[in-house]
2 protein chains.
Amino acid sequence: MSVQERKARERAERERLIVATARELAEQQGWDAVTTRRLAERIEYSQPVLYSHFRGKREIIGAVALEGAAEMAVAMRAAASGASGPRDRVAALARAYLDFAARNPAVYDALFQLDGGLAYAREDTPEPLKDAFAALLESLGEVAGDGVEPGLFTEVFWASLHGLATLTRAGRLPPEDIEPRVELLVDRLAAL
Amino acid sequence: MSVQERKARERAERERLIVATARELAEQQGWDAVTTRRLAERIEYSQPVLYSHFRGKREIIGAVALEGAAEMAVAMRAAASGASGPRDRVAALARAYLDFAARNPAVYDALFQLDGGLAYAREDTPEPLKDAFAALLESLGEVAGDGVEPGLFTEVFWASLHGLATLTRAGRLPPEDIEPRVELLVDRLAAL
DNA sequence: TCGATTGTCTAGCGATGCTAGGATCAATTC
DNA sequence: GAATTGATCCTAGCATCGCTAGACAATCGA
């Protein structure tokens, strides 16, 4: 059995290598630069090897997205735990979210802009995605206010952050004034 | 001179045809289906003709975006003018915005998701884009609240709508509950 | 009527995602 | 220890993409 185990281990290792390399390449030069040829060359295998791990480029994007979702959940919880009151917590969360999007644009794109073939907001949604949403809900639910369903509130708050993140990075919003925008959003949207 | 005028007219007409066809094709089958070959075939000219009107596919997307921006501005002002009070106006605006995005997904993508080679939020931003933002500002500025710059408020409100629009259409948010989301957004964000 | 200009097309380049089919190497069996 | 089997990987190629060079034809000014 040991031989098969070793092979399985090596295979899993190579899969991690593919995902990590795709992510690295995407962060360095954008997702357009992540071609199957370039990716294959970087991992020092031929192109078809990629297709023995993933159905296609879409699934590779999806794998990067899942990895990113897990990291985002960690970052959100870390930001929330370092705050004292609800107001602080929500503000810290918002900043951490925008910071994550700005620092990991390729991962953020894989998560929320590109088609990674993942199911969102459904029962069969992969666990990391559910958990990332849960991490938001943990901090935002408490400021939903009376008569507002925490899930609904989280969706709206999240959408607002997403809008700010994407419009800013796409050059649709001037990059300065990020802080006052966050202040406005938190002060108005959260029921404190 | 009449001959030249006729030629210029025909040329302009063909350019409109290209943009309209690109838009139609994009709405029917998505922007991925808008290839230069298919587009050329539909307008019944050869591929290189496209390049005598536009620098490339990007510019065609940009042209569709400008057309869409003008329509959006009209739709926003129409929605705003039919409302009685500020609360009504902002709510109507929000609904009209999301409705526009849902009904014209390809145009919306050209405007805010794809790269159409346009400058946003700058001095050299094309007029239709500035005007679309102005249309939002006209209705939203009055509910910015004390001490909040109307432009900043409009940016945040717009970003929230944009987040809702894109996340919903990309399947990241369940399509139902649109109305309660709008209600929540309007009630909380607008200073009434 | 003739040369020049403008307009359009055919053909092709490099690159993309993806796949078929053959070669190679290791594990298994006699 | 040799032969067979099976998994693993690579070379080569397909159709399609955005874009362009160069040939050809129609039109214009003299």
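Lettering of chains follows the sequences in order, A, B, ..., and the numbering in each one begins at 1.
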- prompt: Does any residue of residues 25-52 of chain B have a heavy atom under 4.0 Å from DNA chain D, and if so, which ones, in number order?
  reply: B:V34, B:T35, B:T36, B:R37, B:R38, B:Q47, B:P48, B:Y51
Between C:dG17 (P) and A:I60 (CD1): distance, integer Å: 9 Å
Interatomic distance, B:E10 CD vs C:dG7 P [rounded to whole Å]: 11 Å
- line: Whole-Å distance, B:E15 CD to C:dT8 P, equals 13 Å
query: What do you reckon, is CD of B:E10 surrounded by more than 12 foreign heavy atoms closer than 6.0 Å?
result: yes
field: side-chain hydrogen bond (donor to acceptor under 3.5 Å, both in side chains) partners for A:E176, two or more places apart
entry: none
query: Any idea how B:Y108 and B:F112 line up, ring-wise: parallel (<30°), tilted (30 to 60°), or perpendicular (>60°)?
result: perpendicular
message: Between B:R14 and C:dT8, is there a contact of a side-chain N or O with OP1 or OP2 at under 4.0 Å?
response: yes
- line: side-chain hydrogen bond (donor to acceptor under 3.5 Å, both in side chains) filter on B:W158, not counting sequence neighbours, yields B:Y97
message: I'd like to know whether CG of B:D124 has more than 12 heavy-atom contacts from other residues, nucleotides or ligands below 6.0 angstrom.
response: yes
- prompt: Could you give the NE2-to-C1' distance, from B:H53 to C:dC9, as a whole number of Å?
  reply: 14 Å
- prompt: For atom CZ of A:R55, is the number of surrounding heavy atoms from other residues, nucleotides or ligands below 6.0 Å larger than 12?
  reply: no
